[in-house]
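Heads up, the thing below is written out as structure tokens.
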Amino acid sequence: MGTRWGSHIGGNERFGEKHYTVTHKFTGEPLAEVAEASAELLGEAVKAAQAALSRPLSVHQRYQILERTAELLGEHSEDLALTMAREAGKPLKDARTEVARGQQTLRYSALAARTLHGEEIPVRGNPGSENRVALTFRKPYGVVLAITPFNFPLNLVLHKVGPAIAGGNAVVLKPAPATPLTALKLARIMADAGLPEGWLNVVTGASPEIGAQLVANPGVRLISFTGSAAVGDIIRKNAGLRPVLLELGNNSANIVHQDADLELAAKVLAQRAYGYAGQVCISVQRIYVDRAVYQPFREALTSAIGQLVVGNPEDPATDVGPMISEEAAIRAVSWTEDALGEGARAVVSGARQGSVVAPTLLESVAPSMRVMSEEVFAPLAGLVPYDHFSEAIDWANQSRYGLQAGVFTNRLDLAFKAAQELEVGGVIINDASSYRADNMPYGGVKDSGIGREGPEHAVLEMTYPTVMVVNLPG
Ligand code: NAD
């Protein structure tokens with residue numbers, strides 16, 4: 001891996017006076033020195049995107065570039081997966097899956113470019129409009145600012161870049177400070193795929209000021225943010241009247257009913273609560289279990305957790321790697337200690353080693369404890385017995401968040417009840433809250449955000465309709 005990386009602006013690599021070090025999240029060794037973009041460079045990035053828009057890409061060009069990027073991702077897959085394993089601490093097997101999913105996201109984006117269309121509006125039914133024809137066209141907003149989190153350095157970036165370009169927008173991307181290398185590599189791959197200069201600009205830096213300064217730039221016409229609710233709130237307040245799409249956090253509830261396949265539920269929930277150290281926005285966090293099967297499920301879950309491999313993310317066998325930083329790991333352990341102090345009991349736990357936190361399962365947890373009420377974003381879950389299915393739904397809904405939920409049951413009536421009553425953007429039956437296919441509408445309610453991703457849906461969010469009304473002669 002090269003040791004120095006600049007921001008990618010207008011097709012050029014740009015270095016400023018300052019830089020910062022990106023580290024391997026398991027070993028701590030330095031991976032690269034990355035440019036800390038100055039205020040001047042940020043302004044140049046927005047100007048480069050504006051300049052690109054003056055040379056629009058045809059729909060067919062957008063389609064071809066996105067398809068070609070998907071192909072090239074395949075050629076670079078192992079390098080991209082290793083980059084993510086190192087800079088994000090993501091277990092290699094998950095990183096490989098992320099590259100394959102990134103290809104899907106690109107292919108759906110290419111399709112969205114080709115199929116995006118307006119419609120005819122039946123205005124002739126209005127008295128006096130007998131001779132009028134109304135059509136809508138979808139137009140790009142212009143410069144899209146994409147701000148992304150550390151945990152999916154490739155696929156969540158593509159969920160913004162793909163639909164933005166499909167709709168004819170140019171992008172300024174600000175990746176998370178911990179994981180800029182994957183995004184910088186993607187920019188080079190997209191240039192090789194034929195994306196002309198200025199259509200994707202990647203600005204790097206460790207300072208939170210960078211995101212704030214970009215949001216403040218009036219040249220940005222739409223902001224698409226994925227990250228924490230706290231930062232999403234700040235961005236929305238600073239965005240003024242411009243559209244803002246927000247994909248934020250969750251403390252995902254998962255319900256296991258007495259009729260469910262308990263072995264399946266235990267295996268899947270263990271993987272999805274602790275895989276990638278729980279650092280997924282839809283990671284399993286609150287597990288509500290029918291009291292009738294609480295003990296056997298608890299045993300099955302404990303045994304499934306015991307089979308998870310904890311350690312170096314570069315080892316293809318690893319399920320649970322490090323957290324993104326030692327501070328994050330210390331914070332997670334302190335939340336567990338607080339819960340234990342407030343009466344919770346540890347079913348499974350272990351010592352922290354640096355940034356690696358051992359999978360932790362708590363019971364006797366109360367809704368008021370932080371491990372239940374907030375987003376833990378760590379390998380930490382709570383187990384709660386319930387007497388009635390409705391009670392589990394009420395508890396699941398007692399959350400400031402509403403992204404996705406999982407329900408294990410084979411009863412059709414309960415599956416539909418859950419889908420109708422859970423206040424979330426997605427209800428997953430017989431799988432965990434963390435299931436996501438890249439073409440489904442994905443997003444939340446409440447503090448989990450505004451808008452939907454999935455290329456076919458995001459391209460609508462990132463374009464606006466203009467209606468044209470023709471008053472036909474005669
Ligand atoms: P974060 O909110 O700390 O940072 C996200 C991005 O915002 C980073 O690029 C960061 O540099 C930038 N940022 C920070 N302060 C800013 C400001 N004032 N103005 C503009 N930008 C600013 O999130 P994180 O720790 O990188 O990621 C974890 C969070 O992301 C979790 O809450 C997780 O649930 C959420 N997430 C949500 C989804 C989803 O699709 N809903 C997916 C992945 C992660």
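Counting convention: from 1, in listed order, for ligands and their atoms alike. Since the model is a prediction, treat every value here as computed from it, not as a measurement.
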Run the numbers for me: atoms of ligand 1, each under 4.0 Å from some heavy atom of [X], listed by number.
X      : result
Ile235 : 19 (N), 20 (C), 21 (N)
Cys281 : 33 (C), 34 (O), 36 (N), 37 (C), 38 (C), 39 (C), 40 (O), 41 (N), 42 (C), 43 (C), 44 (C)
Ile147 : 6 (C), 7 (O), 9 (O), 12 (C), 20 (C), 21 (N)
Ala212 : 19 (N), 20 (C)
Pro177 : 11 (O)
Leu403 : 41 (N)
Leu156 : 42 (C), 43 (C)
Phe150 : 24 (P), 25 (O), 26 (O), 27 (O)

Is the closest N or O pair between Ser228 and ligand 1 shorter than 3.5 Å?
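There is such a contact, yes.
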Polar atom proximity, Thr226 to ligand 1 (N or O, under 3.5 Å)
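Such a contact does not occur with ligand 1.
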Residue part near ligand 1, for [X], under 4.0 Å between non-hydrogen atoms:
X      : result
Ile282 : neither
Asn151 : side chain
Thr148 : backbone
Glu375 : side chain

Heavy atom of Phe377, distance to ligand 1 below 4.0 Å:
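Contact present.
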Can Pro175 be said to touch ligand 1, with heavy atoms closer than 4.0 Å?
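For ligand 1, residue contact (heavy atoms, under 4.0 Å) with Pro175 is present.
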Any ion pair linking [Y] and [X] (charged N to carboxylate O, less than 4.0 Å)?
X      : Y      : result
Arg452 : Glu461 : no
Arg96  : Glu78  : yes
Glu71  : Arg68  : yes
Lys90  : Glu98  : yes
Asp192 : Arg188 : no
Lys93  : Asp319 : yes
Arg370 : Glu374 : no

Is the closest side-chain donor-acceptor distance between [X] and [Y] under 3.5 Å?
X      : Y      : value
Lys139 : Thr463 : no
Glu29  : Thr27  : yes
Lys160 : Thr148 : no

Between the main-chain N or O of Ile324 and the side-chain N or O of Gln279, is there a donor-acceptor pair closer than 3.5 Å?
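A pair under 3.5 Å: yes.
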Minimum-distance protein heavy atom relative to [atom]:
atom                    : value
atom 11 (O) of ligand 1 : Lys174 NZ, 2.9 Å
atom 21 (N) of ligand 1 : Gly211 CA, 3.6 Å
atom 35 (C) of ligand 1 : Gly227 O, 3.2 Å
atom 13 (N) of ligand 1 : Val231 CG1, 3.7 Å
atom 18 (N) of ligand 1 : Ile234 CG2, 4.1 Å

Where does the angle between the aromatic ring planes of Tyr464 and Tyr141 fall among parallel (under 30°), tilted (30 to 60°) and perpendicular (over 60°)?
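Tilted: the ring planes of Tyr464 and Tyr141 meet at 30° to 60°.
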Protein heavy-atom contact under 4.0 Å for atom 4 (O) of ligand 1?
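It does not: no protein heavy atom is found less than 4.0 Å away from atom 4 (O) of ligand 1.
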Starting from the C-alpha separation in whole Å, work towards a yes-or-no answer on side chain to side chain contact (heavy atoms under 4.5 Å, CB included) for Glu314 and His24.
CA-CA 10 Å; Glu314 283 192 61; His24 191 301; 2.7 Å; yes
